[in-house]
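The structure appears right after this line, and notes come after that.
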Amino acid sequence: MERSDGYATVPNPWLDAMARAGCSGTEFAVVCELCTYIHWEGPRPYGSFSHKAVCDRYGWSPNRVKKAARHLRALGFLATKTAAHNGRCTESWLFPGIPWQRPTKDKGRKGPDLSAVDWGHGKRGRR
């Protein structure tokens, strides 16, 4: 079993846009690879990935990954930030038309208030 190289956080608006466009599983995997090591330039996210690493990880051909990235660019979900050169990967802006607020380091409580919910502590699934 291979070790995991990270995790990807893909915002719901991006997933919704991909679902509406009918994106394939390969295209979703490319977006996940780009989101695994996401970088920020102001409020705009961008990412890069090695085609060879993706091909080795999933056992795909390089043409399959290139075709998926090309289709994502045609849909407007990716835009080239810097082209590949001197052994570096292409950097791509992620979903340039769909905003995503950069995560903050706020330690405050987020989400709904669940204090009034009866969780049934101590019952362990018995009724």
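All values below were derived from every heavy atom in this structure, side-chain atoms included, with hydrogens, water molecules and symmetry-related copies excluded.
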Exercise. Indicate whether the side chain of Thr82 and that of Glu91 have a donor and an acceptor atom separated by less than 3.5 Å.
Key: yes
Quiz item: Which heavy atom in Cys32 sits nearest to a heavy atom in Thr36, and how many Å separate them?
Solution: O-OG1, 2.7 Å
Exercise. Start with the C-alpha distance between Val65 and Phe49, add both sets of side-chain angles, then the distance that settles side-chain contact (heavy atoms from CB on, under 4.5 Å), and finish with yes or no.
Key: CA-CA 11 Å; Val65 176; Phe49 69 98; 3.7 Å; yes
Quiz item: Are the side chains of Arg44 and Lys81 in touch, meaning some heavy atoms are under 4.5 Å apart?
Solution: no
Practice problem: State, yes or no, whether a side-chain contact exists between Leu75 and Cys23 at a heavy-atom distance under 4.5 Å. | Solution: yes
Practice problem: Considering non-hydrogen atoms only, spot the tightest contact between Leu78 and Pro96 and give its length. | Solution: N-CD, 4.4 Å
Quiz item: Any side-chain heavy atom of Cys35 sitting closer than 4.5 Å to one from Trp14?
Solution: yes
Quiz item: CG of Asn63 to SG of Cys55: how many Å apart, nearest 0.5 Å?
Solution: 8.5 Å
Self-check item: Inter-residue atom distance Glu27.CD - Lys67.NZ, 0.5 Å rounding
Solution: 9.0 Å
Quiz prompt | Minimum-distance pair of heavy atoms, taken over all atoms of Ser48 and Cys89 | solution = CB-CB, 4.2 Å
Quiz item: Quick one: OG on Ser50 to CZ on Arg57, what's the gap to the nearest 0.5 Å?
Solution: 9.5 Å
Quiz item: Looking at side-chain heavy atoms only, is the closest gap between Val31 and Phe77 below 4.5 Å?
Solution: no
Quiz item: For the residue pair Tyr46 and Trp93, does the interplanar ring angle fall in the parallel (under 30°), tilted (30 to 60°) or perpendicular (over 60°) class?
Solution: perpendicular
Practice problem: List the atom of Thr80, the atom of Ala83, and the distance in Å for their closest heavy-atom pair. | Solution: CG2-N, 4.0 Å
